[in-house]
Protein chains: 2
Amino acid sequence: MTERKKPVGQPDKRRAIVTGALTLFARDGYTRAGLDAIAAEAGVSNRTIYNHFTDKAELFQTVIQESTRRVADTMVDIIDRHLSKVVDLEADLVDFGMAWLGVLTSDLAPHFALIRQINAEIEHIPPAALELWRDSGPGRTRRELAERLRRIAERGELAIDDPARAAGHLMLLISADNLTDRAALHDESALREMVAAGVHTFLHGYVRRPRHDAGEQ
Amino acid sequence: MTERKKPVGQPDKRRAIVTGALTLFARDGYTRAGLDAIAAEAGVSNRTIYNHFTDKAELFQTVIQESTRRVADTMVDIIDRHLSKVVDLEADLVDFGMAWLGVLTSDLAPHFALIRQINAEIEHIPPAALELWRDSGPGRTRRELAERLRRIAERGELAIDDPARAAGHLMLLISADNLTDRAALHDESALREMVAAGVHTFLHGYVRRPRHDAGEQ
DNA sequence: TAGACATTACATCGATCGGTGTAGCGAATG
DNA sequence: CATTCGCTACACCGATCGATGTAATGTCTA
C-alpha cells in the first residue's frame with residue numbers, strides 16, 4: 001500500500017493528461033467523460049494515457065489527489081494570510097471570506113465541480129479512499145481554520161468550545177448563498193454582502209439582546 | 001409547455017416505475033442507471049417504461065419532480081409543526097432541527113442522493129428546469145422557514161433583517177456536520193449535540209461579550 | 001550511430017446501453 | 001364473444017466506450 005510507483009513517460013505529458021482529465025471529469029463526470037475526449041483535451045494520444053495510468057479509475061483518483069492538494073494548499077495559504085494577525089475581527093473575517101470565495105471563481109474552479117461529482121458517486125467510492133481524501137482536503141483546511149480560531153479565542157475575542165465545529169460553521173456561513181444561488185458568485189457587491197451577513201451571524205447570531213449603550217424596556 | 005399529458009397505462013405500474021427509478025437514479029446516477037436495471041427494480045418490463053415515458057430524460061425529470069414535491073411537503077409540515085407556536089425558542093429550534101434531520105434518514109433518504117446527482121450534472125441541466133426545481137423544492141421550504149422566522153422576529157425574540165438569508169443560515173447550521181461526516185447521522189446523541197451547537201451559533205454566535213449577571217473586567 | 005523508450009495513429013474486441021419492433025398473453029369492456 | 005389495451009418476453013440495431021494490439025515515428029542517451 002505504501003509502495004511508491006516510479007513515474008513512467010514524459011512528465012509534461014502526464015501533467016497535460018491530468019489537467020485535461022480534470023477539465024472533463026469536472027464538466028461531465030466520471031462515467032460521461034470518455035477517454036478519447038480526455039486524450040483530445042490533453043492533446044495526447046489515447047494510448048499514451050494507458051502508458052501513464054493503468055486504469056480510468058486510477059486516472060480519476062490521481063486527478064482528485066492532485067487537485068485536492070493544490071486547492072488545500074491555496075486555502076491554507078488564505079487562512080494564514082488573513083487570520084494570523086487580526087486587528088478588527090469582523091472586518092478581517094469578511095476579507096478572509098472574500099478571498100475564500102475568490103477561489104471558487106479562480107482557475108481552481110473545476111475542482112469544485114469535481115467535488116460535486118465525488119459527492120454524487122460517494123456510494124461507489126471505497127471508504128478508505130474517501131476518508132483519505134477528506135482528511136487531506138477539506139479536513140486539512142478545517143483543522144487549519146480551527147487552529148486559527150482557537151488562537152483568536154485564546155486572546156479572549158471569541159468564546160469557542162469546539163474550534164473544529166466553529167470552523168465548519170464559519171465555512172458554511174461564508175458561502176451560504178452559494179448553495180442556493182450560484183449566479184451571485186459574480187456580483188462583487190452582492191457577494192460582499194453575503195459574506196458580511198455570514199460573518200455577522202457567525203459572530204453575533206440572531207437573538208435579540210439588550211443594547212449596552214441604550215436602555216431598553 | 002402547459003399542456004397536460006393524459007396518463008397512459010396502469011397507474012400502479014407507473015408509480016412502481018417512478019419509485020424504482022428513484023432508487024437507481026439516486027444510487028447510480030443518471031448515466032449509470034440502466035433502463036433494464038430500473039425495469040427490474042420496478043418489477044416491470046423494459047418495454048413498459050417506454051409506454052409511460054417517451055424518454056429516459058423524461059423519466060428522470062418526472063422522478064425529480066415527484067420526489068421534490070413529496071420532500072418539500074414533508075419539510076413544510078415539519079416547519080409548521082415545530083415553529084408555529086414557540087415557547088422556548090432555543091429548545092424548539094433544536095427539536096425542529098432534529099425532526100429536520102430525521103428526514104435525511106427516513107424513507108425519503110434516496111431523494112437527497114438524487115439531489116447530489118443533480119448538483120453534479122448541474123451544467124447539463126437546462127436553466128429553466130433548474131430554476132423550476134429550485135423554486136418548488138428548496139426555495140419553497142426556505143420561504144416557509146423564512147416566514148416563520150419573520151413572525152418570531154416580529155414578536156421581538158429575534159433581530160432579523162433578511163428572513164430568507166436567516167433561514168438559509170439556520171438550515172446550514174442545523175446540518176453542519178452532515179457535510180463532513182455522514183456517519184454521525186446515525187448516532188442520536190452526537191446528532192443532537194450537532195443540532196444544539198448549530199442552533200446556538202444561529203442564536204448567539206461566537207463573539208465573547210460581557211455577561212449580564214456578573215461583572216467582567 | 002545504435003539501442004531503448006515514449007508517443008502516435010489506427011484497428012479492433014467485447015460489453016453495455018438506449019431505444020425499437022414484434023408477437024403473444026391476460027384482463028377489462030362492450 | 002369480440003375488441004381493445006396494456007403488459008411481457010425476446011430479439012435486435014446502432015452507437016458508445018474502455019481497453020488492448022500493433023506497427024511506425026520520433027527522441028534522448030550511451
Side-chain angles (χ1 to χ4, degrees), chain A residues 5-64 114 117-118 120-121 123-126 129, chain B residues 5-64 114 117-118 120-121 123-126 129:
Chain A
K5 60 191 59 174
K6 52 193 167 193
V8 288
Q10 286 191 320
D12 57 336
K13 294 284 179 182
R14 181 190 161 96
R15 269 206 310 167
I17 294 173
V18 172
T19 62
L22 169 60
T23 301
L24 290 198
F25 278 143
R27 195 184 60 192
D28 299 338
Y30 179 78
T31 309
R32 272 190 181 8
L35 277 179
D36 289 356
I38 293 177
E41 176 77 20
V44 154
S45 170
N46 178 345
R47 207 63 181 76
T48 305
I49 297 182
Y50 287 96
N51 188 24
H52 290 262
F53 306 93
T54 71
D55 227 337
K56 189 186 185 183
E58 193 209 337
L59 172 61
F60 189 60
Q61 185 180 336
T62 303
V63 168
I64 290 177
L114 190 70
Q117 302 294 340
I118 296 177
E121 305 209 47
E123 313 279 355
H124 301 283
I125 302 177
Chain B
K5 60 192 57 172
K6 51 196 168 192
V8 289
Q10 287 190 320
D12 57 333
K13 294 285 179 181
R14 183 192 159 94
R15 268 208 310 167
I17 293 173
V18 172
T19 62
L22 169 60
T23 301
L24 290 199
F25 278 142
R27 194 185 61 193
D28 298 338
Y30 179 78
T31 309
R32 268 171 153 65
L35 277 179
D36 289 356
I38 293 177
E41 176 76 21
V44 154
S45 171
N46 177 347
R47 207 65 180 74
T48 305
I49 297 183
Y50 287 95
N51 188 24
H52 289 263
F53 306 92
T54 70
D55 226 336
K56 189 184 185 184
E58 194 209 336
L59 173 61
F60 189 60
Q61 185 180 336
T62 303
V63 169
I64 290 177
L114 190 69
Q117 303 292 341
I118 295 178
E121 307 209 47
E123 312 279 354
H124 300 284
I125 302 177

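A note on names: the letters A, B, ... follow the listed sequences, proteins ahead of strands, and every chain is numbered from 1.
Remark: P of D:dT29 and CD of A:Gln10 are 10 Å apart, rounded to the nearest angstrom. For the pair A:Leu24 CG and D:dG18 P, the computed distance is 11 Å after rounding to whole Å. The separation between A:Arg32 atom CZ and C:dC17 atom P is 14 Å, rounded to whole Å. The separation between B:Tyr50 atom OH and C:dG21 atom C1' is 14 Å, rounded to whole Å. A straight line from CG of B:Leu59 to P of C:dC17 spans 15 Å, rounded to a whole angstrom. If you take NZ of B:Lys56 and C1' of C:dT20, they are 17 Å apart, rounded to a whole angstrom. In this structure, A:Phe53 places its CZ atom 15 Å from P of D:dG18, rounding to the nearest Å. Distance CD1 (B:Ile49) to C1' (D:dA9): 14 Å, rounded to an integer number of Å.
Under the ring-ring contact (aromatic ring centres under 6.0 Å, His included) criterion, the residue pairs touching residues 36-62 of chain B are B:Phe25-B:Phe60, B:Tyr30-B:Phe60, with sequence neighbours excluded.
Inter-residue side-chain proximity for B:Ile49 and B:Lys56 is flagged as unmet; no heavy-atom pair is nearer than 4.5 Å.
Checking D:dA19, D:dC7, C:dG18 against the side-chain heavy atoms of B:Leu35 singles out C:dG18 as nearest.
To the nearest 0.5 Å, atoms CZ (A:Arg15) and CD1 (A:Ile17) are separated by 12.5 Å. Once rounded to the nearest 0.5 Å, the distance linking CG of B:Leu24 with CG of B:Leu114 reads 11.5 Å.
Here B:Asn51 does not reach the OP1 or OP2 of D:dG6: none of its side-chain N or O atoms lies under 4.0 Å away. Residue A:His52 places no side-chain N or O under 4.0 Å from the OP1 or OP2 atom of C:dA6.
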Please list every donor-acceptor pair under 3.5 Å in which a side-chain atom of residues 31-41 of chain B meets a protein atom from a residue at least two apart or in another chain.
from: B:Thr31; atom 1: OG1; to: A:Arg32; atom 2: NH1; distance (Å): 2.5
from: B:Arg32; atom 1: NH1; to: A:Thr31; atom 2: OG1; distance (Å): 2.4
from: B:Arg32; atom 1: NH1; to: A:Glu121; atom 2: OE1; distance (Å): 3.3
from: B:Asp36; atom 1: OD1; to: B:Asn46; atom 2: ND2; distance (Å): 2.8

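The residue A:Asp36 sits apart from the nucleic acid: no heavy atom pair falls under 4.0 Å. Within the 4.0 angstrom heavy-atom criterion, only backbone atoms of the sugar-phosphate kind lie near B:Ala33; the bases stay farther away.
Of all non-hydrogen atoms in A:Arg14 and A:Thr62, the two that sit nearest each other are NH2-CG2, 3.6 Å. Taking all atoms of both residues into account, the shortest heavy-atom contact from A:Ala16 to A:Ala42 is O-CB, 3.3 Å.
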Shorter than 3.5 Å, N or O on both sides, protein versus nucleotides 8-13 of chain C: list them out with atom names.
from: C:dT8; atom 1: OP1; to: A:Lys13; atom 2: NZ; distance (Å): 3.0
from: C:dT8; atom 1: OP2; to: A:Ser45; atom 2: N; distance (Å): 3.0
from: C:dT8; atom 1: OP2; to: A:Thr48; atom 2: OG1; distance (Å): 2.5

